[in-house]
Amino acid sequence: MRKAVCPGSFDPVTLGHLDVFARAAEQFDEVTVGVLINSTKAGLFTIDERIELLRECVAPYKNIKVESFQGLLVDYCKVNGISAIVKGLRAVSDFDYELQMAQMNSQLGVDTLFVATKPEFSFLSSSIIKEIAKYQGDVSALVPTAVNKALKARFKK
Ligand code: PNS
């Protein structure tokens with residue numbers, strides 16, 4: 001069985017992330033969305049909230065599951081028999097950082113495959129979504145419905 005992981009903070013998940021998960025799920029038998037537990041960085045949503053939102057969003061995909069992990073991503077991959085990391089590449093600005101991580105992870109034993117983000121999602125990030133939603137801007141076309149609802153509740157005036 002060919003298994004891949006899509007790792008990230010997903011605070012919160014966007015339609016850009018979902019597109020990458022779905023495309024990874026076409027290439028692999030099983031895809032795990034791996035939510036990083038980072039005790040030094042408080043997010044807008046807790047890890048449990050992010051996982052709940054993610055699980056709701058990937059429910060239609062039978063071969064995508066959502067888990068959290070801490071420590072090194074490559075260790076998580078090795079323990080779980082995952083042979084590839086799949087990440088979305090939005091623009092040249094992502095490239096330096098992503099290349100460095102991919103090369104390091106490759107050195108540590110797990111290769112990374114990049115999916116070119118669809119142009120309609122290339123400007124999207126969780127941070128920019130939070131910034132807009134904080135001031136009641138409309139992000140409904142950019143995030144799953146459940147996330148839009150959760151953002152509205154979090155930033156309710
Ligand atoms: O959504 P993010 O915050 O950009 O995702 C970053 C993530 C989770 C992919 C990266 O920080 C990660 O893999 N962290 C786990 C720790 C690790 O393995 N670090 C070494 C990377 S070379």
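Every number for a ligand or one of its atoms is a count from 1 in the order of the listing. Predicted model, so just to flag it, every value in this text is computed and none were measured.
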Return the set of residues passing side-chain hydrogen bond (donor to acceptor under 3.5 Å, both in side chains) with Arg154 (not counting sequence neighbours), or none when no residue passes.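 Counting only residues at least two positions away or on another chain, Arg154 forms a side-chain hydrogen bond (donor to acceptor under 3.5 Å, both in side chains) with Glu49.
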Side-chain donor-acceptor pair under 3.5 Å between Asp138 and Ser140, yes or no?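 Asp138 vs Ser140: donor-acceptor pair found between side chains.
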List the residues meeting salt bridge (charged side-chain N to carboxylate O under 4.0 Å, His left out) with Asp75, not counting sequence neighbours, and say none if there are none.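 Asp75: no salt bridge (charged side-chain N to carboxylate O under 4.0 Å, His left out) contacts found.
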Looking at every heavy atom in both Leu53 and Ala146, which two are closest together, and how far apart are they?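 Looks like CD2-O, 3.7 Å.
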Report yes if some heavy atom in the side chain of Ile129 is under 4.5 Å from a heavy atom in the side chain of Leu142; otherwise report no.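 Answer yes - side chains close enough.
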For ligand 1, run through the N/O pairs with the protein that fall under 3.5 Å and put one pair on each line.
from: ligand 1; atom 1: 1 (O); to: Ser9; atom 2: N; distance (Å): 3.0
from: ligand 1; atom 1: 3 (O); to: Ser9; atom 2: OG; distance (Å): 2.6
from: ligand 1; atom 1: 18 (O); to: Leu73; atom 2: N; distance (Å): 2.8

Indicate every side-chain donor-acceptor pair of residues 61-70 with a distance under 3.5 Å to a residue at least two apart or in another chain.
from: Lys62; atom 1: NZ; to: Ala59; atom 2: O; distance (Å): 3.3
from: Asn63; atom 1: ND2; to: Ala25; atom 2: O; distance (Å): 2.9
from: Asn63; atom 1: ND2; to: Phe28; atom 2: O; distance (Å): 3.2
from: Asn63; atom 1: ND2; to: Asp29; atom 2: O; distance (Å): 3.3

